[in-house]
**Student:** 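Quick one: the structure is below, questions incoming.
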Protein chains: 2
Amino acid sequence: MKRRNTHSTAEIFEVLKSSGNALSHDMIQENIGSDIDRATIYRVLNRFCEDGKVHKIIGDDGKQYFAICHNCGEKKKVHSHNHIHFRCLQCGKVECLERDLAVPLPEGYVAKVHNLVISGFCNNCS
Amino acid sequence: MKRRNTHSTAEIFEVLKSSGNALSHDMIQENIGSDIDRATIYRVLNRFCEDGKVHKIIGDDGKQYFAICHNCGEKKKVHSHNHIHFRCLQCGKVECLERDLAVPLPEGYVAKVHNLVISGFCNNCS
DNA sequence: AACATTATTGCAACATAGTCGCAATATTAA
DNA sequence: TTAATATTGCGACTATGTTGCAATAATGTT
């Protein structure tokens with residue numbers, strides 16, 4: 001399964017990059033010039049996730065958000081993504097806070113995925 | 001809107017209590033003897049939330065889980081619920097870890113809801 | 001440059017989770 | 001017992017995300 005460079009992948013990645021935030025499927029579709037099918041957008045995003053270019057978080061609205069990986073998982077093979085995300089209840093922005101979080105788990109527990117979201121009002125909306 | 005004691009509310013609360021964990025709608029429906037409509041279960045659970053008897057978290061599977069409030073929001077009017085939840089990828093159990101978490105936010109950010117979920121394998125499944 | 005291979009796309013259909021309107025029912029207080 | 005109204009069940013609906021399949025397009029090779 002070698003990856004191919006297509007119009008869709010380039011454009012979706014560009015939207016994510018220029019935004020700098022975590023975006024949901026519909027945000028991406030809005031910010032995109034051309035018409036890309038919903039299913040395609042999801043497939044492209046999930047491919048990005050498999051390749052470690054992007055990480056996915058589930059908002060407290062139940063929706064999937066995707067953000068470009070910066071300091072997570074590039075250096076190590078271990079994808080951590082254990083930083084906190086903030087979702088603004090007013091403007092809808094979802095951003096990665098750089099603060100990493102080491103959570104001590106009880107004996108015998110093994111962490112695989114961190115999904116840490118705080119929602120409230122961002123600096124622009126508070 | 002005074003609340004009434006019904007068969008449904010009693011039974012749903014009992015299931016939550018005896019489980020001790022956070023349960024999703026379908027888990028509740030399974031653990032219930034009688035037939036209660038899906039919509040009713042959701043309405044009852046959301047009423048519990050409004051009354052502060054229960055708190056809701058969104059799992060990293062995108063589903064809603066409900067758990068009885070213990071040390072959150074009973075004492076204070078401020079509902080914090082800023083503890084961490086653990087979801088087992090094997091057995092599906094979602095539990096509240098008692099560890100509370102004080103997350104320092106950037107200047108100008110106001111936290112309203114904490115949705116902190118770590119998934120992996122619990123002590124029984126690891 | 002043309003071709004063969006196969007990753008990717010678009011479309012439609014599907015799946016699931018959750019919500020809502022409304023009439024019927026059941027709880028509460030009088 | 002009765003009146004008022006909170007709650008329920010049913011059905012329809014919305015939204016988010018996934019999948020199968022045929023058509024399309026990107027890539028390496030000749």
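In the text below, chain A, chain B and the rest are named by the order of the sequence lines, each starting its count at 1.
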**Student:** To the nearest angstrom, how far is B:I58 atom CD1 from D:dT16 atom C1'?
**Tutor:**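 Computing the B:I58:CD1 to D:dT16:C1' distance gives 13 Å.
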**Student:** Rounded to the nearest Å, what distance is computed from the CG atom of residue B:L45 to the P atom of nucleotide C:dG18?
**Tutor:**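 Nearest whole value for this atom pair: 10 Å.
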**Student:** Looking only at side-chain N and O atoms, does A:T6 come under 4.0 Å of OP1 or OP2 in C:dA7?
**Tutor:**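 A:T6 to C:dA7 OP1/OP2: no side-chain N or O under 4.0 Å.
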**Student:** Separation of A:H7 atom NE2 from C:dT9 atom C1', in whole Å?
**Tutor:**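 Atom-to-atom, A:H7 to C:dT9, this comes out as 12 Å.
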**Student:** Are A:H114 and A:H55 close enough that their ring centers fall under 6.0 Å?
**Tutor:**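 A:H114 vs A:H55: aromatic centres not under 6.0 Å.
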**Student:** Assuming nearest nucleotide by heavy-atom distance, tell me which of A:I36 and B:K2 is located more 5' along DNA chain C.
**Tutor:**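 By nearest-heavy-atom nucleotide position, the 5'-most residue is A:I36.
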**Student:** Expressed in angstrom and rounded to an integer, what is the separation of A:R47 atom CZ from D:dA26 atom C1'?
**Tutor:**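 Checked: the CZ to C1' distance equals 12 Å.
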**Student:** Taking CD from A:E50 and P from D:dT18, how many angstroms apart are they, rounded to a whole number?
**Tutor:**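 One finds 11 Å between P of D:dT18 and CD of A:E50, rounded.
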**Student:** Phosphate oxygens OP1/OP2 of C:dT19: is one of them under 4.0 Å from a side-chain N or O of B:Y42?
**Tutor:**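 Checking C:dT19 against B:Y42, no side-chain N or O comes under 4.0 Å of OP1 or OP2.
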**Student:** Output yes when at least one side-chain N/O atom of B:K63 is less than 4.0 Å from OP1 or OP2 of C:dA17, else no.
**Tutor:**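 True: B:K63 side-chain N/O within range (under 4.0 Å) of C:dA17 OP1/OP2.
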**Student:** Taking N and O atoms by type only, does the side chain of B:R38 place a donor or acceptor under 3.5 Å from a partner on the base of C:dG18?
**Tutor:**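 Indeed, a donor on one side and an acceptor on the other fall under 3.5 Å apart.
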**Student:** Within this structure, what is the CD-to-P distance between B:Q64 and C:dT16, rounded to whole angstrom?
**Tutor:**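 Computing the B:Q64:CD to C:dT16:P distance gives 17 Å.
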**Student:** Mind calculating the distance between CG (A:D37) and P (D:dC21) to the nearest angstrom?
**Tutor:**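 In whole Å, D:dC21 P lies 17 Å from A:D37 CG.
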**Student:** Quickly work out the B:R43 CZ to C:dC20 C1' distance and round it to whole Å.
**Tutor:**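 It is 8 Å, rounded to the nearest whole Å.
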**Student:** Any idea which heavy atoms bring B:L16 and B:L45 closest together, and the distance?
**Tutor:**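 Minimum heavy-atom separation between B:L16 and B:L45: CD1-CD2, 4.0 Å.
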**Student:** Assign B:D26 to base, sugar-phosphate, or nothing according to its heavy-atom contacts below 4.0 angstrom with the strands shown.
**Tutor:**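 Nothing, no nucleic acid heavy atom in range.
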**Student:** Given the rule in the side-chain hydrogen bond (donor to acceptor under 3.5 Å, both in side chains) test, do A:Y65 and A:E95 qualify, once you have shown the distances and angles that lead to the verdict?
**Tutor:** CA-CA 10 Å; A:Y65 291 84; A:E95 49 189 318; over 6 Å; no
**Student:** Tell me whether the NZ or CZ atom of A:K53 lies within the 45° cone about the ring axis of A:F13 and under 6.0 Å from its centre.
**Tutor:**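 Flagged: A:K53 positioned over aromatic ring of A:F13.
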**Student:** Does D:dA6 have OP1 or OP2 under 4.0 Å away from a side-chain N or O of B:R3?
**Tutor:**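 No, B:R3 has no side-chain N/O under 4.0 Å of OP1/OP2 on D:dA6.
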**Student:** If you check the A:A39 side chain, which of C:dA26, C:dT8, D:dT19 turns out closest?
**Tutor:**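 Out of C:dA26, C:dT8, D:dT19, the nucleotide with an atom closest to A:A39's side chain is D:dT19.
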**Student:** For the pair B:N115 (side chain) and A:V117 (backbone), establish whether a donor and an acceptor sit closer than 3.5 Å, ignoring hydrogens and angles.
**Tutor:**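 No; zero donor-acceptor contacts below 3.5 Å.
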**Student:** Answer yes or no: does a side-chain N or O of B:N46 lie under 4.0 Å from OP1 or OP2 of C:dT19?
**Tutor:**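 Checking B:N46 against C:dT19: at least one side-chain N or O falls below 4.0 Å of OP1 or OP2.
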**Student:** Which is true for A:D35 with a 4.0 Å heavy-atom rule: it touches a base, it touches only sugar-phosphate, or it touches nothing?
**Tutor:**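 Result for A:D35 = sugar-phosphate.
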**Student:** Would you indicate which nucleotide in C:dT28, D:dT8, C:dT9 comes nearest to any side-chain atom of A:S8?
**Tutor:**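 Closest of the options to the side chain of A:S8: C:dT9.
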**Student:** Ignoring backbone atoms, establish whether A:T40 has a side-chain N or O less than 4.0 Å from OP1 or OP2 of C:dG10.
**Tutor:**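 Checking A:T40 against C:dG10: at least one side-chain N or O falls below 4.0 Å of OP1 or OP2.
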